[in-house]
Amino acid sequence: MKDILTELENRRETARLGGGQKRIDAQHGRGKLTARERIDLLLDEDSFEEFDMFVTHRCTDFGMEKQKPAGDGVVTGWGTINGRQVYVFSQDFTVLGGSVSATHAMKICKIMDMAMQNGAPVIGINDSGGARIQEGVDSLAGYGEVFQRNIEASGVVPQISVIMGPCAGGAVYSPAMTDFIFMVKDSSYMFVTGPDVVKTVTNEVVTAEELGGASTHTRKSSVADAAFENDVEALAEVRRLVDFLPLNNQSKPPVRPFFDDPARIEASLDTLIPENPNQPYDMKELILKLADEADFYEIQEEFAKNIITGFIRLEGQTVGVVANQPMVLAGVLDIDSARKAARFVRFCDCFEIPLLTLVDVPGFLPGTTQEYNGVIKHGAKLLFAYGEATVPKVTVITRKAYGGAYVVMSSKHLRGDINYAWPTSEVAVMGAKGATEIIHRADLGDPEKIAAHAAEYEARFANPFVAAERGFIDEVIQPRSTRKRVARAFASLRGKKKPMPWKKHDNIPL
Ligand code: HXC
């Protein structure tokens, strides 16, 4: 008996060493942690339950039968984050470059199936040379099985990808279908074809970092949601994100103890809006002042900064925030901001996270670049996402809410449940100057007359009261009392049920 126990321990010890100390040292030398060290940091201490530690590949081509590392390049199982269950896979670059064989894929599929069955998020730590070249089509089939599960799990359990090394070729499409992608600066990259192929096909000379590094994907392509300095920071931030999320689409987000008075009055908000309507102010200040303990988890902070998306808590409960940012492009809606916010709204709706929308929007960005690239379809994504969302929706207009953008930003007409406006709001078809130049075109040569018309328009329309008279705004509120009003609004909506017409699924303009 003792021998068997010793053998088990020996086998475990060998499996835990992955590709051996030399390769572990090389991994550390690149500033990367090993697959197991990452799991240790991600999960609560001693909570990891491993599966399939002894799985080996079945390939007999290219001499592969002579090297059969236990675990086959991926560590899988489940554990907890602050006591809540998550499933995890962590690719081990020290074992055959973390490459994906049929059995490696099978291990990932097993925990994805369990996650869906048991209603817990899946966190995938990616560090892999891609398809195991020796296995050919078996590897591709394995990827296909993972992809299919990513699709089936979408909207059922949250899926989070952390890219901590190479992720190239078709392999990128598994993370691409998950809800959030995090990258590590200087040690991770994602691309469909690498720099060498790019050079051959398009003659462009580009480094791996420029083509698909963390900065590229958080600033230019918006493929990734955030970039972190190192593995430790990235994993700590995944833990923080998971704390905001429900475990699955049937359960509510966790309620955290809070130490911040929901009725807290913020007198400084009364002067947030500058006297000059064209002067910007920082919408993040409002978000931080509304949130419990000023805790804001921003998603896609570096992309389309004219709109802000992320999570806060009110009375300990998660709320998704979408807010125009007047500091960037005057908070205008454009292709990038509409896409960014639409995806965020849909995530929140999938997982029953209520939505708070803070509006200061002068309209959609004009121009050929926008039109040629399809601002009509992309803008419609956000419109569609808000209109189909059945979670509690509370809106606060702080200043401008012009034209189509007013309707898009969770207006009453898209079934906003409670729509507030500050007294500084201007709910109108457009700004006074633009409106005057159209309806009083005949007076364009006379600046005095134009100024008088603009003043008249402003007095009539540059306020929240025309909309409030029609019930499109439920109440004009004091800026200082916004946290209290919004917290009470969400409290009143906790029992919300909003059935939609039966359909197989909608056809959001992609
Ligand atoms: C088998 C692989 C491998 C792979 C790496 N290794 N990639 N083994 N299949 N795809 C092995 C190496 O042989 C090496 O083994 C070890 O992993 C580490 O690799 P190195 O090259 O020494 O590391 P490094 O210099 O850091 O370079 C990493 C790399 C490079 C850039 C990822 O290994 C590489 O280019 N690999 C091939 C990438 C690729 O073309 N993959 C297929 C893409 S197509 P030893 O024993 O020496 O430690 C694809 C399709 C997916 O993925 C489709 C889904 C539908």
Side-chain angles (χ1 to χ4, degrees), residues 14 17-35 55-75 89-109 112 124-152 161 163-178 181 183-184 186-201 206-214 216 223 231:
T14 311
L17 262 183
Q21 195 57 47
K22 216 172 107 211
R23 290 191 183 90
I24 292 175
D25 293 343
Q27 179 87 347
H28 287 159
R30 292 188 183 105
K32 291 160 64 179
L33 297 175
T34 66
V55 161
T56 56
H57 69 75
R58 295 159 196 164
C59 179
T60 51
D61 292 316
F62 305 103
M64 285 299 282
E65 66 281 2
K66 292 191 211 94
Q67 47 168 337
K68 290 192 150 220
D72 205 23
V74 63
V75 183
F89 70 84
S90 180
Q91 291 178 314
D92 186 348
F93 192 78
T94 71
V95 176
L96 298 162
S99 58
V100 175
S101 65
T103 41
H104 176 123
M106 195 190 78
K107 282 181 67 171
I108 295 175
C109 289
M112 292 181 82
I125 300 175
N126 294 255
D127 187 359
S128 165
R132 174 110 24 108
I133 293 164
Q134 296 89 336
E135 292 212 7
V137 73
D138 281 339
S139 166
L140 301 185
Y143 271 114
E145 292 295 329
V146 175
F147 295 166
Q148 181 64 31
R149 282 165 178 80
N150 287 131
I151 296 160
E152 288 178 19
S161 299
I163 314 298
M164 294 191 145
C167 183
V172 295
Y173 286 112
S174 173
M177 290 188 290
T178 61
I181 300 181
M183 295 184 76
V184 179
D186 302 323
S187 63
S188 69
Y189 54 82
M190 300 176 78
F191 35 65
V192 172
T193 49
D196 296 344
V197 179
V198 169
K199 167 112 188 27
T200 312
V201 177
V206 67
T207 64
E209 187 62 25
E210 286 163 353
L211 185 62
T216 298
V223 164
D231 288 12

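Atoms considered below: every heavy atom in the structure, side chains included; atoms not considered: hydrogens, waters and symmetry mates. None of these values were measured; they are calculated from a predicted model. Counting starts at 1 for both ligands and their atoms, in listed order.
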Asks: If you define the side chain from C-beta out and look only at heavy atoms, does anything of Pro166 sit under 4.5 Å from Asp127?
Replies: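 Contact flag for Pro166/Asp127 side chains = yes.
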
Asks: With a 4.0 Å cut-off on N to O distance, would you call Asp72 and Arg132 a salt bridge?
Replies: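 Between Arg132 and Asp72 there is a salt bridge, with a charged N closer than 4.0 Å to a carboxylate O.
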
Asks: Indicate yes or no: at least one non-hydrogen side-chain atom of Pro175 is less than 4.5 angstrom from one of Asn126.
Replies: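 Yes, their side chains come closer than 4.5 Å.
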
Asks: With rounding to the nearest 0.5 angstrom, report the OG1 to CG distance, Thr34 to Asp25.
Replies: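 Thr34 OG1 to Asp25 CG: 11.0 Å, rounded to 0.5 Å.
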
Asks: With a 4.0 angstrom cut-off on heavy atoms, strictly below it, pick out the residues next to ligand 1 and order them by chain and number.
Replies: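 Around ligand 1, where the cutoff is 4.0 Å for heavy atoms, the contacting residues are Arg23, Arg30, Phe93, Leu96, Gly97, Ser99, Gly129, Gly130, Ala131, Arg132, Ile133, Gln134, Leu140, Tyr143, Phe147, Pro166, Ala168, Gly170, Ala171, Tyr189.
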
Asks: Using 30° and 60° as the class limits, which term best fits the ring planes of Tyr143 and Phe147: parallel, tilted or perpendicular?
Replies: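 Rings of Tyr143 and Phe147: tilted, 30 to 60°.
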
Asks: Could you tell me whether the side chain of Thr103 reaches within less than 4.5 Å of the side chain of Lys107, counting heavy atoms only?
Replies: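 Heavy-atom side-chain distance check fails, nothing below 4.5 Å.
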
